[in-house]
There are 2 protein chains.
Amino acid sequence: MIGNQIVSYSVRDQDAVFRALADVSRRELLDRLFAKNGQNLGELCEGLAMTRPAVAKHLKILEAANLVVVQWRGREKLHFINSVPINEITDRWIRKFEPPYLAAISDLKSQLEGDSHD
Amino acid sequence: MIGNQIVSYSVRDQDAVFRALADVSRRELLDRLFAKNGQNLGELCEGLAMTRPAVAKHLKILEAANLVVVQWRGREKLHFINSVPINEITDRWIRKFEPPYLAAISDLKSQLEGDSHD
DNA sequence: TTTATATGAAACCTTTTAGCTTCATGTCAA
DNA sequence: TTGACATGAAGCTAAAAGGTTTCATATAAA
């Protein structure tokens, strides 16, 4: 753990990440958090063609996949992006499907990040 | 187009890719094709706890997402990985969620590839 | 030409998913 | 302490997804 964020995921957990990313509404929520991190549920609902409980469910799934971490402030639940699972998956598929010189770049990237892989 | 492979995808098409990758059986099929490219349906079915029509359905979804391209040889349908959609998505999320020096690496990567982005 | 092989397609079933409505709980502020 | 606000939870419905069985079609080989 580094602060609140888990830094290494099992292959099993990666399934939750893939499935969480499969829904366009959830990707849109991540986009919104990228534009403005730390929003509460109410803010995240604004302008969406969905009810609040629906958004809450999506956020719960993102939380379960560790793509979003939360912090309570009084009665407000603030949502923050966690980029670690994304990077894990990105690494996996880069390594698998890119030509050698790109894999080398990926290795460099990992060294810069100080990751310990699998 | 470069040969048979489409090199640029719309945001709409990316949804098909995300959804295709959400299923563990389909990711396993991609893994198998990575280990040995150009397999036919029969080969891809071997040792899987699934019937042939099920595997065929999965491959159809991978095809629709352009993650797999096919080539007929007589009565055999050969399946090949297409890495382009993966790279598109990888790029998107790298750019969004990684710190600046990693985005810079991603830019370098793109230049090496000669991609024209969005 | 007949038989075996490789795949496609249709119909059906079950489970999961995405959404809703309604109600309950906890926290802040007057 | 009362009322407004922010969220959680339960129960329901409709649609999508993943799988099966059965049958049809096209190609290769005997």
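Convention: sequence-line order gives letters A, B, ...; per-chain numbering from 1.
When the P atom of dT7(C) is taken as reference, atom CD of Glu43(B) falls 9 Å away, rounded to whole Å. With rounding to whole Å, Asn40(B) atom CG is found 14 Å from dT5(C) atom P. With rounding to whole Å, Ile61(B) atom CD1 is found 8 Å from dG18(D) atom C1'. dG8(D) atom P lies 12 Å from atom CG of Leu44(A), rounded to whole Å.
Taking side-chain N and O atoms only, Arg19(B) has a distance below 4.0 Å to OP1 or OP2 of dA17(D).
The pair Arg27(B)-Asp31(B) does not count as a salt bridge, with every side-chain nitrogen at least 4.0 angstrom from each carboxylate oxygen. Between Glu43(A) and Lys36(A), at least one side-chain N (NZ, or NE/NH1/NH2) sits under 4.0 Å from a carboxylate O, which counts as a salt bridge.
The salt bridge (Lys or Arg N to Asp or Glu O under 4.0 Å) search around Glu28(A) returns none, not counting sequence neighbours.
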Just by protein heavy atoms under 4.0 Å, how would nucleotides 25-30 of chain D read 5' to 3' in B, S and -? --BS--
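Remark: of the listed residues Lys77(A), His79(A), Glu76(A), Glu76(A) is the sole one forming a side chain to side chain donor-acceptor pair (under 3.5 Å) with Asn40(A).
A donor-acceptor pair under 3.5 Å is absent between the side-chain atoms of Arg19(B) and the main chain of Leu21(A), judged by distance alone. The backbone N or O of Asn66(B) lies less than 3.5 Å from a partner atom in the side chain of Asn82(B), making a donor-acceptor pair. In this structure, the side chain of Asn37(A) engages the main chain of Ile81(A) through a donor-acceptor pair within 3.5 Å.
A heavy atom lying under 4.0 Å from DNA chain D marks the following residues of residues 47-60 of chain A, by number: Arg52(A), Pro53(A), Lys57(A).
Of all nucleotides listed (dA6(D), dG19(D), dG8(D)), dG19(D) comes nearest to the side chain of Ser25(B).
Pairing each heavy atom of Leu30(A) with each of Val68(A), the nearest pair is CD2-CG2, 3.8 Å.
For the pair Lys77(B) and Asp23(A), nearest-nucleotide mapping onto DNA chain C gives the more 5' position to Lys77(B).
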